[in-house]
Every structure is written in C-alpha cells, then in structure tokens.
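Below: the structure, in structure tokens.
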Amino acid sequence: MSQYRDQQEQPAVAVSNPRAAPAPDIPPPFEPSKAAPASGTHSRRTIMRAASIGVTTAAFAASAAAEVSPTAAAAHAGKSVAPLAVTPSCTGDETPPLMEGPLFKPKSPERTNLVTPAVSLGVYLALHGMVYDTDCTPIPDCQIEFWQCDQYGDYDTAGYTLRGHQRTTARGGYQLETIIPRDYWGRWGQRAPHIHAQAQAPGGPVLVTQLFFPDDTEAYDRDFAALNARDRLLNRACTLMLEKRQSGGYTGTFDFVITTKA
C-alpha cells in the first residue's frame, strides 16, 4: 500500500482536508430502513464524530397534469401518427472500468443500508438501479460491492463503515442507502466525490469502477462542477442520475452493464 489516499491510506490514519461543517440533514425523500448497526471497530475520527441518526418519514407527492399528448390529439383528429420512440434504459455498452485503489477491503457485511450513526451528518443518498448484461438482459443474483469515504473525506480502514455488498434481486435490481462522499486529496490531486463499486455476475469477470456525481450536486458547500473538472480519473459515463435535492437528501439511479463471460 502506498503513501497516499485512494492509493495511499494508512490504517486508522486520517488525512486532513479543508472542511466546511455539514449541517445535519432532515428526513430523506422517502422512508428509509433503519440505520445499519455500526460495525465493530471504526477509525478514531469516525468514533469521535458519531452521532445518533434520526430519520423520519417523508413522502414524495406525485402530480399528474391533465394534458393531451400531441400523439393523442392527432389520433383524435383522425391523423395517422407514428408512436413516439421509447428511451432505452440499457444501451448494451459496458460500464467503463476504473481503478480499484488500495482501499478495497474483503469480507464486507452483506447489507443494502450503509448509514450508521458515525455518518449520520452526511447528506443522505438513496440509490437504486439495475444490472444488465451486454444484451440488456437483467442479471439476477449478481454481487455488487460498494465502498466510499465519509462526509469528511476519510475512509474507515479499521472497520467496515460505508462498506457493504449485496446481490441483485430476481429481476436484476439493487438498492443502496448511503451518504454523499466528500472530495479529498490523493496521488492524482484532488479527487472528486465518488463511490467505488464492483459488480460480478455468477461465474463472470469482475467489473471494477467508480461512480461520480452531477456538477449541480449540493453537499458540504463544495463546488462539484469544479471538483469534477479537476479530477483526471473521472469518467462522465459513470455519473449518477440524481433527482432534485429534497429536505432529506437525494434519490439517484445508476444502471450497470457488465460482461458475463471471461
């Protein structure tokens, strides 16, 4: 393991970053599950900043507009109109791989909720999506691993805070409750906020990648557009789609496309 973050963390040693004290976030956009229990041993900083998480229920209100679509209007007028094309949810293009870094830790807990009291001051993120093969067929029982730094830019190298794995459902879906990570300095300069991920179909090769955030993401008073522009490892094809931030945080989506044969 080298001497820098992302290619450098020494266990239980935190690297200082310029910080803006994050304001506590109120209830997430939809009812999350209870915070996952804190894992065995955390870094000294994680323990010192532990706070009890209190998340209550908030619901999105869906509104429907009583409008007639151009296609329906034309049909009503007796005109022949071709149906609108459906935007595909899968293009068949494999999700680009990105470096793993030295901070992957095997034997993480199997869980979909990474929010513990130690990270309760972070900006909440509810992420969901699908895992497809390159023929756009959903992959059930696919293992996905997630790990990331916290709201201060620190990785927990002593325990399993913000680390976990899960398997996709019978329909190839996954969901993850976590927080928006912070930027930090590493060997390649200032890294933009990102979440590390691995995905592997049963018997297939492992895709290792990183997930990034849109330029207009709002968290910790950081300029995500500037951070993204400076990160030379960033791949825009690995950017999450986020809904507009609500009082409790963000809801986002990302679909993986992976190869199932070596």
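Values below: every heavy atom of this structure, side chains too, minus hydrogens, waters and symmetry copies.
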- Query: Can you name the closest pair of heavy atoms from A201 and I258 and give their distance?
  - Reply: N-CD1, 3.6 Å
- Going by the side-chain contact (heavy atoms from CB on, under 4.5 Å) test, name the single residue among V115, I195, I179, D156 that passes it with L162. I179
- Could you tell me whether the side chain of T253 and the main chain of G129 form a donor-acceptor pair under 3.5 Å? no
- Message: Which heavy atom of P214 sits nearest to which heavy atom of L242, and what is that distance?
- Response: CD-CD1, 3.7 Å
- Below 4.5 Å, heavy atoms only, C-beta onward: do L114 and L176 meet side chain to side chain? yes
- For the pair H165 (side chain) and S108 (backbone), establish whether a donor and an acceptor sit closer than 3.5 Å, ignoring hydrogens and angles. yes
- Query: Can you list the residues that meet the salt bridge (charged side-chain N to carboxylate O under 4.0 Å, His left out) rule with R236, with sequence neighbours excluded?
  - Reply: D215
- Item | F254 with M130, same ILVMFWY side-chain cluster at under 4.5 Å | no
- Do you know the tightest heavy-atom contact between G252 and L125? N-CD1, 4.2 Å
- Linked, directly or transitively: L234 and L103 (ILVMFWY side chains, under 4.5 Å): no
- Query: L207 versus F256: any side-chain heavy-atom pair under 4.5 Å?
  - Reply: yes
- Query: Any chance the rings of Y155 and Y184 have centres within less than 6.0 Å?
  - Reply: yes
- Note on the structure: Correct closest heavy-atom pair for D231 and A192 would be OD2-N, 2.9 Å
- Query: Rounded to the nearest 0.5 Å, how far does NE2 of H128 lie from CG of D255?
  - Reply: 8.5 Å
- Check: D133 side chain, D135 main-chain N or O, donor-acceptor pair, under 3.5 Å: yes
- Message: Treating Y220 as the side-chain partner and Y152 as the backbone partner, does any N or O pair qualify as donor plus acceptor under 3.5 Å?
- Response: no
- How long is the gap from CG on D150 to OG1 on T178, to the nearest 0.5 Å? 10.0 Å
- Query: Quick one: disulfide (SG to SG under 2.5 Å) pairs with a partner in residues 231-262, sequence neighbours left out?
  - Reply: none
- Message: For a quick test of reading the model, state the closest non-hydrogen atom pair linking Y160 to P106 and the distance between them.
- Response: OH-O, 3.0 Å
- Are any non-hydrogen side-chain atoms of L98 and F212 less than 4.5 angstrom apart? yes
- Query: Do any pairs count as a side chain to side chain donor-acceptor pair (under 3.5 Å) and have a residue in residues 166-176, sequence neighbours left out, and if so which ones?
  - Reply: Q143-R167
- State the CG-CG distance between N228 and D223, to the nearest 0.5 angstrom. 9.0 Å
- Any side-chain heavy-atom pair from V119 and T161 closer than 4.5 angstrom? yes
- Message: Count I, L, V, M, F, W, Y as connected when their side-chain heavy atoms are under 4.5 Å apart, and connections chain through other members. Are I139 and V257 then in the same cluster?
- Response: no
- Spell out, as yes or no, whether a donor-acceptor pair under 3.5 Å connects the side chain of Q246 to the backbone of K244. yes
- Item | Rounded distance (nearest 0.5 Å) linking atom CD of Q210 with atom CD of Q198 | 11.0 Å
- Query: If we only count heavy atoms from C-beta on, is the L227 to Q190 side-chain gap below 4.5 Å?
  - Reply: yes
- Under 3.5 Å, side chain of Y250 to main-chain N/O of E218, donor-acceptor pair present? yes
- Counting N and O atoms only, with roles assigned by atom type, does the side chain of T209 sit under 3.5 Å from a partner on the main chain of P96, one being a donor and the other an acceptor? yes
- Item | Members sharing V208's hydrophobic cluster (side chains within less than 4.5 Å) | V206
- Task: State which residues pass side chain to side chain donor-acceptor pair (under 3.5 Å) with T217; sequence neighbours excluded, sorted by chain then number.
- Result: none
- Note on the structure: The reported gap from CZ in R163 to CZ in R111 (rounded to nearest 0.5 angstrom) is 10.0 Å
- Item | Test item: side-chain donor near acceptor, Y124 and E177, under 3.5 Å | yes
- Mind checking whether D183 and P193 have side chains closer than 4.5 Å, heavy atoms only? yes
- What residue pairs, at least two apart or across chains, pass disulfide (SG to SG under 2.5 Å) with a residue in residues 104-142? C90-C136
- Least distance between heavy atoms, K105 atom then G159 atom: NZ-O, 3.1 Å
